[in-house]
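Below you'll find the structure, written out as structure tokens, and then a few comments.
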Amino acid sequence: MIIIKYLVFYTFVGFYQSTVFIKSSIRAAINYIRSLNESRNEQGQVVGFKTTLLRTAFRSIL
């Protein structure tokens, strides 16, 4: 009977630990994807700023 209790207890503990690990892994993956998207947006803003600078420079030359 004691062996069955330990077996049930440790199956629940293992299930809980695996769900916590999976949840943290998914959260880390989502944060990584968000950081990639933010860096792409920042690069796009930098390129947009450079093109506006070039436009104003060409306008001032003309």
Side-chain angles (χ1 to χ4, degrees):
M1 190 67 180
I2 293 174
I3 294 173
I4 294 173
K5 287 181 182 178
Y6 279 116
L7 183 66
V8 170
F9 175 72
Y10 282 115
T11 55
F12 281 120
V13 169
F15 181 71
Y16 176 75
Q17 286 180 346
S18 63
T19 54
V20 168
F21 176 74
I22 290 170
K23 185 178 177 181
S24 66
S25 299
I26 290 172
R27 185 170 288 155
I30 288 172
N31 288 338
Y32 178 72
I33 291 170
R34 284 183 184 165
S35 68
L36 286 179
N37 288 335
E38 288 175 0
S39 67
R40 287 182 188 161
N41 290 339
E42 290 173 358
Q43 290 174 355
Q45 290 174 356
V46 168
V47 170
F49 182 69
K50 287 181 181 178
T51 55
T52 56
L53 285 178
L54 286 174
R55 286 180 189 160
T56 55
F58 281 125
R59 286 180 187 162
S60 65
I61 291 172
L62 295 176

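For Tyr32, the side-chain contact (heavy atoms from CB on, under 4.5 Å) partners are Ser35, Leu36, not counting sequence neighbours.
Under the 4.5 Å side-chain heavy-atom criterion for grouping Ile, Leu, Val, Met, Phe, Trp and Tyr, Val8 is not connected to Ile3 through any hydrophobic cluster. A continuous path of hydrophobic side-chain contacts links Ile2 to Phe9 [ILVMFWY only; heavy atoms under 4.5 Å]. At a threshold of 4.5 Å between side-chain heavy atoms, the hydrophobic network of Ile, Leu, Val, Met, Phe, Trp and Tyr places Phe12 and Ile4 in one connected group.
Residues Thr19 and Phe15 have side chains in contact (heavy-atom distance under 4.5 Å, counting atoms from C-beta outward).
Here the straight-line distance linking atom CD1 of Ile26 with atom CZ of Phe21 works out to 10.5 Å at 0.5 Å rounding.
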